[in-house]
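Below you'll find the structure, written out as structure tokens, and then a few comments.
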Amino acid sequence: MAEMNDRIVPLEEMDDFEVADGDPDVRGWNVIASDGRTIGEVDQLLVDTAALRVRYLDVDLSDDLDEGEPDRHILIPIGYARLDEDDDQVYVDQLSTDQIRTLPAYSHEPITRDYETDLRQRFDTGFPATSEGQTAAATGEDFYAHDLYDEDRFYGSRRSNTEERQRGEGSGERHVMLSREELSVGKREVPAGEVEIDKEVETRHVRREVPVEHEEVVVERRPATPGMSAEARIEGDEVHIPVTEEEIVTEKRVVPREELVVRKRGVEQNETVEADLREERADIRREGDVRLSGDIREDERRR
């Protein structure tokens, strides 16, 4: 019987708990796949009761993705998704719509360790295959010590902006958040073509020289000699001598000539990925007799 992981529960089942101040409540937000298609919306947040941190998004899939299962849900590790900077939407940049269809369904039953380990392997290809020892460790602290389960990666600047805004209210402080873009590179398998092998029948004309034998009748006349039988008589008579010959008999049969062995092999090659990444920098300008102090770079001090 599969062992249950009692520490992961939906937020709605936790009495007196709610989304932390400064974190947007993403329940009801649309989820967008890497191909730009809306695959569903966030139904629930699954919380690690031991660490009081969100570990999974419960996504209610759109009807055209239910794969014959009405009201089909899936789980996405919180660190695998990201929030839109401006709009209330959730993005999974490395999952296409087709890949979403292959994820195991979430039935709202208590999560088993086998289920959670299998789900981890879908998002983390380097995670070892399930074994007795691995399954037992599926809910340990080391299991969640991975970017997949880091909710800070999910909330990102949306959390930081809210916290900074709350700290700055009524204090006379103003906070400017500087951001930069990072390049995330993943891999996925796509069809590259196919190989077809057809057999064609070719007809060729052959000729062989085959020796055959036949019998011929040789009639030799010899004059009578003394001493021959005296039984000679004059009457009609016939002598029948069968004559034979060889005839050629041909037969065709199918024999193996050669076989083709077809296999696939993986060939690795390097491809260069290029992108233009943007980074925000502060341009500090002074007007009048204003002195700057604090953590200011030397090039900014000289302006």
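Count residues from 1 along the sequence. This one's a predicted model, so the numbers in the text were calculated from it and none came from an experiment.
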Got Leu75 and Tyr115 here, is their nearest side-chain heavy-atom distance under 4.5 Å? yes

Proximity of Phe143 and Tyr149 rings by center, below 6.0 Å: yes

Could you tell me the separation between the CD atom of Glu209 and the CZ atom of Arg207, rounded to the nearest 0.5 Å? 7.5 Å

Distance-only polar pair, side chains of Tyr56 and Gln44, donor-acceptor under 3.5 Å: no

In one Ile/Leu/Val/Met/Phe/Trp/Tyr side-chain cluster, 4.5 Å: Val212, Val217: no

Are side-chain heavy atoms of Pro10 and Leu45 found at a separation under 4.5 Å? no

For Val19 and Arg27: C-alpha separation, side-chain torsions, deciding distance, then whether side chain to side chain contact (heavy atoms under 4.5 Å, CB included) applies. CA-CA 10 Å; Val19 177; Arg27 287 175 290 185; 4.0 Å; yes

Locate the shortest heavy-atom distance separating Ile78 from Val54; write the atom from each residue and the value. CG2-O, 3.3 Å

Mind checking the CG-NE2 spacing from Asp43 to His73? Nearest 0.5 Å is all I need. 5.0 Å

I'd like to know whether CD of Glu213 has more than 12 heavy-atom contacts from other residues, nucleotides or ligands below 6.0 angstrom. no

Straight-line distance of Asp88 CG to Trp29 CH2, nearest 0.5 Å: 3.5 Å

Of all heavy-atom pairs linking Gln94 and Ser34, the shortest is N-CB, 4.3 Å

Taking every heavy atom of Ser96 against every heavy atom of Ala33, the minimum-distance pair comes out as C-CB, 4.2 Å

Report yes if the side chains of Phe127 and Thr117 come closer than 4.5 Å at any heavy-atom pair, otherwise no. yes

Could you please spell out the steps behind the salt bridge (Lys or Arg N to Asp or Glu O under 4.0 Å) verdict for Arg53 and Asp152? CA-CA 10 Å; Arg53 295 180 67 84; Asp152 292 333; 3.4 Å; yes

Would Val90 and Asn30 satisfy side chain to side chain contact (heavy atoms under 4.5 Å, CB included), going step by step from the backbone distance to the final call? CA-CA 6 Å; Val90 176; Asn30 287 336; over 6 Å; no

SB check Glu220 Arg222 (cutoff 4.0 Å): yes

CD1 on Ile39 to CZ on Arg101, rounded to 0.5 Å: 10.5 Å

Does the side chain of Asp150 come within less than 4.5 Å of Tyr144's, by heavy atoms? no

For the pair Asp87 (side chain) and Gln89 (backbone), establish whether a donor and an acceptor sit closer than 3.5 Å, ignoring hydrogens and angles. no

Side-chain donor or acceptor of Arg82 paired with backbone N/O of Asp93 under 3.5 Å: no

How long is the span from the CD atom in Glu247 to the OG1 atom in Thr250, to the nearest 0.5 Å? 10.5 Å

Mind listing the closest non-hydrogen atom pair of Gly40 and Ser62 along with its distance? N-OG, 3.5 Å

Under the criterion side chain to side chain contact (heavy atoms under 4.5 Å, CB included), I'd like the reasoning laid out for Met14 against Thr49: C-alpha separation, chi angles, the key distance, then a yes or no. CA-CA 9 Å; Met14 300 176 63; Thr49 56; 4.0 Å; yes

Heavy-atom side-chain proximity of Val47 to Arg7 below 4.5 angstrom: no

Is Ile248 reachable from Val206 through a run of hydrophobic residues whose side-chain heavy atoms are each under 4.5 Å from the next? no

Taking the side chain as everything from C-beta on, heavy atoms only, tell me whether Glu41 gets closer than 4.5 Å to Val59. no

Between Val210 and Val249, is there shared hydrophobic-cluster membership here, with clusters defined by ILVMFWY side-chain heavy atoms closer than 4.5 Å? no

Let me confirm one number: the CG-CG distance from Leu103 to Leu61, rounded to the nearest 0.5 Å. 8.5 Å

Quick one: does Arg55's side chain get under 4.5 Å of Leu46's, heavy atoms only? no

Within the 4.5 Å heavy-atom criterion, are Tyr91 and Ile32 side-chain neighbours or not? yes

Which atom pair, heavy atoms only, marks the closest approach of Glu215 to Val243? O-CG1, 2.8 Å

Between Tyr106 and His108, does the ring centre distance come in under 6.0 Å? yes

Side chain to side chain contact (heavy atoms under 4.5 Å, CB included) for Glu116 and Leu119? Distances and angles first, verdict last. CA-CA 5 Å; Glu116 198 168 13; Leu119 186 65; 5.6 Å; no

